Amino acid sequence: MTVTIVGSQLGDEGKGGVVDLWGDAVDVVARYQGGDNAGHTVVEDGTEYKLSLVPSGAVRGKVGVLGNGCVVNPSTLFEEIDDLRERGLDPDVRVARRAHVIFPYHRVLDGIEEDVKSDSDMKVGTTGRGIGPTYEDKAGRRGIRVADLLDSEGLREKLEYVVPQKQRLAEDVFGVETGEEFDIASLYEEYKSYGERLADEDMTVEAGQFLTDRIADGDDVMFEGAQGTLIDIDHGNYPYVTSSNPTAGGAATGTGLSPGIVGGGEIVGIVKAYLTRVGSGPLPTELGGVVGDTPGYDERGEGDNEDVAEYIREEGGEYGTVTGRPRRVGWLDMPMLRHSARTNGFTGLAVNHIDVLSDLDEVKVGHSYDLDGEEIYTVPATTERWSDCEPNFRTFDGWDDVNWSDVADEGYDAIPENARAYLEYVSDELDTDVYAVGVGPGREETVVLENPLE
Ligand code: GDP
Ligand code: IMO
Ligand code: MG
């Protein structure tokens, strides 16, 4: 049995919490893409864990796998593992030998490119973790993989090939003076020692084989997506995307298991009951003025409904886990979710943050878009066309703030009626059952209608 957890929107939908909720019943939790750009929150008995690389199943003591589709910054990985150990957990993390490694020069190049783009509409607003440059090297067949850290001769040779190229790119193309991030000798020493620790702790695996063997032994596996469908490099709003495939297909290519295994299991779309976005790019249902530096979009929505945006941002604590940036806020966008449901083939939904919307007079949903006088129900293929879309809203009566812990104890019928109408609309439009409703950040603050593992 496998369950794939996928972000249906723009990231930060509450994937970590859902992995934690259902993770107790599985044996292995595997990440299949992304790197330490992710920030997944698990709240257990009031204790909050923010995880960027270690799979969220670690909080429940599950075996965690970073699949071949991930990009791994070993420095972050070991820091996170050490931190969790200090907090009394004992994370068992296996890393795919085929996964690519993030080096300090990738982070520098990520920052340089963002700086160069900063005066134009092209700035993505990345997390600055070197994600894009590392996937570029992977596709360019000059990347360094986890297995290479275990072979010191090979590691040196690969660094000697790639680092001078990166240095020339930074200095000659971008005109930026480089520092120790481009020093082959020190990179070699640092990353060789990461390789030694990976070997000492027996952490590396051929992920596809490892997971196949676990499944053959009867283990259940959960695939933990990072980011979300609309920032998928293929299915998102390019170029304001991350550089990997958070969509469900990525769970096969990013772990080495077949599409049949992933598709034969459940695929749960995680939906935030409204929208948030940390980086640049259009957001047709955006509320209020744009916060942070989002070039090219500062005219959209300025001043309009700022109070509602501010209310949701504060109630939901909508500040980036990785970067601390205030998140942009919008109403739920159904064309986006229809696109997401089609791309991922959701078998069920978890709708989070219903509590955050309480005490509003009314709650709106972008039901469709107007584009060139035509009503459309899904997202156009280009970002330029998407930013031309004007949402057609449906309005729902608001619901009161209630004791959400009691609601979680009592079950679905205890959810305020207007909120249930909202949930049922989403489920009907996507023709997909709601498996769970998040009514607070804690593990217990969830109303479970159906457990995909039972
Ligand atoms: P992820 O990246 O998808 O794992 O999500 P994040 O952890 O970045 O952001 C989700 C935030 O919302 C975290 O602070 C969660 O603890 C919190 N959260 C998750 N579900 C709910 C919910 O149903 N209600 C509320 N109020 N907070 C939630
Ligand atoms: P989780 O897993 C929300 C966004 C960045 C930027 C774009 C590219 O916590 O949901 P990158 O550093 O990946 O090259 O940045 O993607 N982004 C996320 N937004 N949640 C995330 O992860 C994100 N990871 C990247 O803000 O717009
Ligand atoms: Mg997050």
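Both counts, for ligands and for their atoms, begin at 1 and track the order of listing. If you're wondering where the values come from, they're calculated on a predicted model, not measured in any experiment.
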[X] side chain to [Y] backbone, donor-acceptor under 3.5 Å:
{"X": "His106", "Y": "Phe103", "value": "yes"}
{"X": "Trp399", "Y": "Ile354", "value": "yes"}
{"X": "Glu114", "Y": "Val124", "value": "yes"}
{"X": "Arg277", "Y": "Ser280", "value": "yes"}
{"X": "Asn37", "Y": "Gly35", "value": "yes"}
{"X": "Asp397", "Y": "Asn418", "value": "no"}
{"X": "Thr134", "Y": "Gly130", "value": "yes"}
{"X": "Asp400", "Y": "Val402", "value": "no"}

In terms of atom number and element, which parts of ligand 2 are under 4.0 angstrom from non-hydrogen atoms of [X]?
{"X": "Leu10", "answer": "3 (C), 19 (N)"}
{"X": "Asp12", "answer": "1 (P), 3 (C), 9 (O), 10 (O), 20 (N)"}
{"X": "Val278", "answer": "3 (C), 19 (N), 26 (O)"}
{"X": "Thr126", "answer": "6 (C), 11 (P), 12 (O), 14 (O), 15 (O)"}
{"X": "Lys15", "answer": "1 (P), 2 (O), 10 (O)"}
{"X": "Ala226", "answer": "2 (O)"}
{"X": "Gly11", "answer": "3 (C), 10 (O), 20 (N)"}
{"X": "Arg325", "answer": "26 (O)"}

Would you indicate which of [options] comes nearest to [atom] when only heavy atoms are counted?
{"atom": "atom 2 (O) of ligand 2", "options": "Glu114, Lys272, His40", "result": "His40"}
{"atom": "atom 5 (C) of ligand 2", "options": "Gly125, Gly279, Pro239", "result": "Gly125"}
{"atom": "atom 20 (N) of ligand 1", "options": "His353, His40, Gln227", "result": "His353"}
{"atom": "atom 21 (C) of ligand 2", "options": "Arg107, Gln227, Glu113", "result": "Gln227"}
{"atom": "atom 4 (C) of ligand 2", "options": "Ile231, Thr276, Thr134", "result": "Ile231"}
{"atom": "atom 8 (O) of ligand 1", "options": "Gly39, Gly317, Gly438", "result": "Gly39"}

4.0 Å heavy-atom contact, Gly39 with ligand 2: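 Yes, that is the case, since the closest heavy atom of the residue is under 4.0 Å from the ligand.
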
Could an N or O of ligand 1 be found under 3.5 Å from any N or O of [X], whether backbone or side chain?
{"X": "Gly17", "value": "no"}
{"X": "Glu48", "value": "no"}
{"X": "Gly440", "value": "yes"}
{"X": "Val43", "value": "no"}
{"X": "Lys15", "value": "yes"}

Close aromatic pair by centroid cut-off 6.0 Å: Tyr422 and Tyr425: no

Between His353 and Tyr274, ring centroids under 6.0 Å: yes

Proximity of Gln9 to ligand 1 by residue part, where a heavy atom lies under 4.0 Å: neither

Region of Ile354 that comes within reach of ligand 1 [heavy atoms, distance under 4.0 Å]: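 Neither part.
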
Pairwise distance NZ(Lys62) to CG(Asp20) - rounded to 0.5 angstrom: 10.5 Å

Gap between atom OH of Tyr49 and atom OG1 of Thr41 - 0.5 Å precision: 13.0 Å

Nearest heavy-atom neighbours spanning Gly34 and Ser244: N-OG, 3.6 Å

Closest contact, heavy atoms only, Val65 versus Phe210: CG2-CE2, 3.7 Å

NZ or CZ of Lys166 within 45° of Tyr105 ring axis and under 6.0 Å: no

Going by distance only, is there an N or O of [X] that falls short of 3.5 Å from an N or O of ligand 2?
{"X": "Thr242", "result": "yes"}
{"X": "Asn37", "result": "yes"}
{"X": "Ser280", "result": "no"}

Donor on one side chain, acceptor on other, Tyr435 and Glu266, under 3.5 Å: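 Side-chain D/A pair, Tyr435 to Glu266: present.
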
Side-chain ion pair, Glu429 and Arg338, N-O less than 4.0 Å: yes

Carboxylate-amine/guanidinium proximity below 4.0 Å for Lys272 and Asp12: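 No salt bridge links Lys272 with Asp12.
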
Can you pull out the closest protein heavy atom to [atom]? Residue, atom name and distance to 0.1 Å, please.
{"atom": "atom 8 (C) of ligand 2", "result": "Val241 O, 3.3 Å"}
{"atom": "atom 10 (C) of ligand 1", "result": "Asp12 O, 3.9 Å"}
{"atom": "atom 14 (O) of ligand 1", "result": "Thr41 OG1, 3.8 Å"}
{"atom": "atom 26 (N) of ligand 1", "result": "Asp355 OD2, 2.7 Å"}

pair Val379-Arg385: side-chain heavy atoms closer than 4.5 Å: no

Proximity to ligand 2 by part of Arg129, non-hydrogen separation under 4.0 Å: neither

Proximity of Asp110 to ligand 2 by residue part, where a heavy atom lies under 4.0 Å: neither

Mutual orientation of the aromatic rings belonging to Phe223 and Tyr32 [parallel < 30°, tilted 30-60°, perpendicular > 60°]: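 Perpendicular.
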
Side-chain atoms of residues 445-454: list all donor-acceptor pairs with protein atoms under 3.5 Å, sequence neighbours left out, distances to 0.1 Å.
{"residue": "Glu445", "atom": "OE1", "partner": "Gly442", "partner atom": "N", "Å": "2.7"}
{"residue": "Thr446", "atom": "OG1", "partner": "Arg443", "partner atom": "O", "Å": "3.3"}
{"residue": "Asn451", "atom": "OD1", "partner": "Leu453", "partner atom": "N", "Å": "2.9"}

Protein-derived N, O or S atoms lying under 2.8 Å from the Mg ion (ligand 3), waters excluded: 2

Contact atoms of ligand 1, heavy-atom distance to Val356 under 4.0 Å: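 With Val356 as reference, the close atoms of ligand 1 come out as 26 (N).
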
For Gly16, atoms of ligand 1 separated by under 4.0 Å from a heavy atom: 4 (O)

Derivation and outcome, side chain to side chain contact (heavy atoms under 4.5 Å, CB included), residues Arg328 and Glu286: CA-CA 7 Å; Arg328 298 161 64 193; Glu286 184 153 18; 2.8 Å; yes

